[in-house]
Amino acid sequence: MSPVTLDPKNLSSGNIYDLMASLIVPRPIAFVSTLSASGIPNLAPFSFFSMGGVNPPSVVFSPGFRFDGTPKDSLQNITVTGEFVISMVTREMAEGMNATAAGLPSDESEWDLAGFTPVSSEAVKPARVLESPASFECKLFEIVRHGEQSVYVIGEIVRFHVDGNLLRDNSVESLKPISRMGGSFYADLDAMELFTMERPR
Ligand SMILES: Cc1cc2nc3c(=O)[nH]c(=O)nc-3n(C[C@H](O)[C@H](O)[C@H](O)COP(=O)(O)O)c2cc1C
């Protein structure tokens with residue numbers, strides 16, 4: 001090993017993104033479903049995503065801001081409605097998930113674009129993704145802003161939905177979601193291989 005030490009003060013935001021996104025891996029992908037104030041459904045992937053705690057069950061993900069400084073639709077919708085659903089993403093869902101990362105106008109729904117099937121939630125209004133083996137209905141706990149660009153959306157899970165074929169004694173042994181790596185790389189934990197997908201423009 002030949003350690004290199006970097007001070008983030010000397011790096012651009014782009015450099016820091018590349019560094020962190022390739023070091024903090026693999027990251028599971030939160031496929032986030034929300035509704036706008038006027039009820040337009042929105043679906044978008046976020047890999048800055050983690051489990052928070054269990055009592056109450058808590059998750060956190062980080063939607064950044066667009067280059068023009070406006071909040072992404074998911075953040076805007078959660079700010080207004082206080083609700084979202086996170087679905088996990090499998091290899092079969094990968095291409096469709098990637099398609100939803102296109103920057104659509106906020107009055108257009110990514111659901112139509114990607115061909116996923118909405119299923120009504122029990123405790124919140126946004127739908128979950130039928131094709132996903134596991135989804136979490138969430139109510140907003142808090143949005144924490146750290147500086148100009150970093151936002152943490154903390155949610156409390158109010159319902160778990162899990163494919164019953166995978167569930168044994170409250171635990172799942174073979175979920176095998178895809179995960180985000182650095183650059184255009186993804187890890188397929190089922191096939192135990194890396195693959196690439198370019199983000200849509
Ligand atoms: C696999 C994947 C992971 C992503 N993770 C994030 C993320 O953690 N934070 C973020 O701000 N954008 C992330 N993006 C980009 C957003 O999905 C993209 O900006 C999207 O258009 C936001 O949609 P919205 O405006 O409907 O919320 C990711 C994209 C992909 C394909």
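Just follow the structure's listing: the first ligand is 1, and inside any ligand the first atom is 1. As a basis for the values below, the full set of heavy atoms in this structure was taken, side chains included, without hydrogen atoms, waters or symmetry mates.
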Which of the numbered atoms in ligand 1 are under 4.0 angstrom from any heavy atom belonging to [X]?
X	answer
R66	25 (O)
S74	24 (P), 27 (O)
E110	26 (O)
N42	24 (P), 26 (O), 27 (O)
N98	31 (C)

Look at atom 18 (C) of ligand 1 and find which of A101, S36, S47 reaches it with the closest heavy atom.
->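 Minimum heavy-atom distance to atom 18 (C) of ligand 1 goes to A101.
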
Measuring from the heavy atoms of A102, does anything fall under 4.0 Å of ligand 1?
->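 Yes, that is the case, since the closest heavy atom of the residue is under 4.0 Å from the ligand.
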
For [atom], closest protein heavy-atom neighbour:
atom	value
atom 1 (C) of ligand 1	Y186 OH, 3.2 Å
atom 23 (O) of ligand 1	A44 CB, 3.3 Å
atom 17 (O) of ligand 1	P45 O, 2.8 Å
atom 15 (C) of ligand 1	R199 NH1, 3.5 Å
atom 25 (O) of ligand 1	D73 N, 2.9 Å
atom 7 (C) of ligand 1	F46 CD2, 3.5 Å

Side-chain donor-acceptor contact under 3.5 Å, [X] with [Y]:
X	Y	result
D68	T70	yes
H161	E122	no
N15	S12	yes
E83	T34	no

Do any N/O atoms on [X] end up under 3.5 angstrom from N/O atoms on ligand 1?
X	result
F48	yes
S62	yes
G64	yes
P63	no

More than 12 heavy atoms from other groups under 6.0 Å of CG on D7 |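 Yes.
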
Decide if atom CG of N170 counts as having more than 12 heavy atoms of other residues, nucleotides or ligands within a radius under 6.0 Å.
->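 No, CG of N170 has 12 or fewer neighbouring heavy atoms, counting only those of other groups under 6.0 Å.
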
Donor-acceptor pair, side chain of S33 and main chain of A127, under 3.5 angstrom =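 Yes; judged by distance alone, with no hydrogens or angles, the pair exists.
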
Heavy-atom check, side chain of I86 versus side chain of F46, under 4.5 Å =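 Counting from C-beta outward, I86 and F46 never come under 4.5 Å.
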
Using 4.0 Å as the upper bound for N to carboxylate O, is an ion pair formed by R91 and E193?
->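 Result for this pair is yes, salt bridge flagged.
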
CD1 of I78 to NZ of K139: how many Å apart, nearest 0.5 Å?
->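 With rounding to 0.5 Å, CD1 (I78) is 14.0 Å from NZ (K139).
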
At a non-hydrogen distance cut-off of under 4.0 Å, which region of K72 contacts ligand 1 (side chain, backbone, both, or neither)?
->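 Looking at K72 and ligand 1, atoms from backbone and side chain both fall under 4.0 Å.
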
Residue list, ring-ring contact (aromatic ring centres under 6.0 Å, His included) with F195, at least two apart or on another chain |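 If we apply the ring-ring contact (aromatic ring centres under 6.0 Å, His included) test to F195, skipping adjacent residues, the hits are Y186.
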
